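The structure displayed is predicted, hence computed values, not measured ones.
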Amino acid sequence: MNKAELIDAIANETKMTKADTRKVVDAFMKVTSDALKKEQRVALVGFGSFSVAGRSARTGRNPQTGKEIKIAAKKVVKFSPGAELKEQVQ
């Protein structure tokens with residue numbers, strides 16, 4: 001499901017207009033992104049939580065040449081599903 005399909009589905013579920021739903025989805029994405037930039041955890045009880053994790057520097061390989069390359073340390077976004085979401089998916 002892409003963003004447009006998500007907006008359509010939420011609009012149908014909530015009986016909101018697509019324009020209003022787009023504003024809500026955009027606001028959620030902005031607020032979540034801003035919190036993650038500040039390395040804050042965003043938890044939605046029952047659904048899951050978004051957090052920032054550090055990935056240390058490591059040595060990798062170029063798959064075409066086999067030559068070793070250095071991969072820099074970086075921060076990545078991590079999603080951990082909640083218990084209710086896990087049950088619904090199974």
Side-chain angles (χ1 to χ4, degrees):
M1 175 180 286
N2 62 30
K3 184 177 176 182
E5 292 168 339
L6 176 65
I7 290 169
D8 289 343
I10 292 172
N12 288 335
E13 187 74 23
T14 62
K15 307 296 187 237
M16 292 173 58
T17 66
K18 287 183 184 178
D20 288 342
T21 304
R22 179 177 303 279
K23 289 178 187 176
V24 171
V25 170
D26 288 342
F28 172 77
M29 291 171 48
K30 182 185 181 323
V31 169
T32 302
S33 296
D34 290 347
L36 291 171
K37 284 178 189 174
K38 296 175 188 173
E39 295 191 27
Q40 296 174 336
R41 184 171 175 260
V42 178
L44 304 170
V45 177
F47 182 72
S49 62
F50 298 91
S51 60
V52 176
R55 192 176 281 174
S56 59
R58 62 192 190 280
T59 303
R61 291 201 179 271
N62 180 331
Q64 292 179 338
T65 64
K67 183 180 176 183
E68 285 190 354
I69 56 173
K70 292 181 181 179
I71 302 171
K74 65 179 182 178
K75 295 177 185 175
V76 293
V77 176
K78 187 172 113 178
F79 176 75
S80 299
E84 288 180 37
L85 181 61
K86 286 181 186 178
E87 287 178 18
Q88 290 177 2
V89 173
Q90 292 179 354

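With rounding to the nearest 0.5 angstrom, the CD1 atom of Ile7 is 12.0 Å from the CG atom of Asn12. The CD atom of Glu13 lies 11.0 Å from the OG1 atom of Thr21; values are rounded to the nearest 0.5 Å.
Using a cut-off of 4.0 Å between Lys/Arg side-chain N and Asp/Glu carboxylate O, Asp34 and Lys38 are scored as not salt-bridged. At a threshold of 4.0 Å, the pair Lys15-Asp20 does not count as salt-bridged, since none of the basic side-chain nitrogens sits closer than that to a carboxylate oxygen.
Leu44 and Val52 fall within a single hydrophobic cluster, where Ile, Leu, Val, Met, Phe, Trp and Tyr are joined by side-chain heavy atoms under 4.5 Å apart, directly or via other members. Residues Leu36 and Phe47 share a hydrophobic cluster, clusters being chains of Ile/Leu/Val/Met/Phe/Trp/Tyr side chains in contact below 4.5 Å.
Summarising the hydrophobic clusters (Ile, Leu, Val, Met, Phe, Trp, Tyr; side-chain heavy atoms under 4.5 Å, direct or chained), the residues clustered with Met16 are Val24.
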For residues 66-90, which side-chain donor-acceptor pairs fall under 3.5 Å, sequence neighbours excluded?
unit_1: Lys75; atom_1: NZ; unit_2: Glu39; atom_2: OE2; d: 2.3

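Ala35 approaches Val42 most closely through the heavy-atom pair CB-CG2, 3.7 Å. Summarising the geometry of Val25 relative to Lys3, their closest heavy-atom pair is CG1-CE, 4.3 Å, with the distance given to 0.1 Å.
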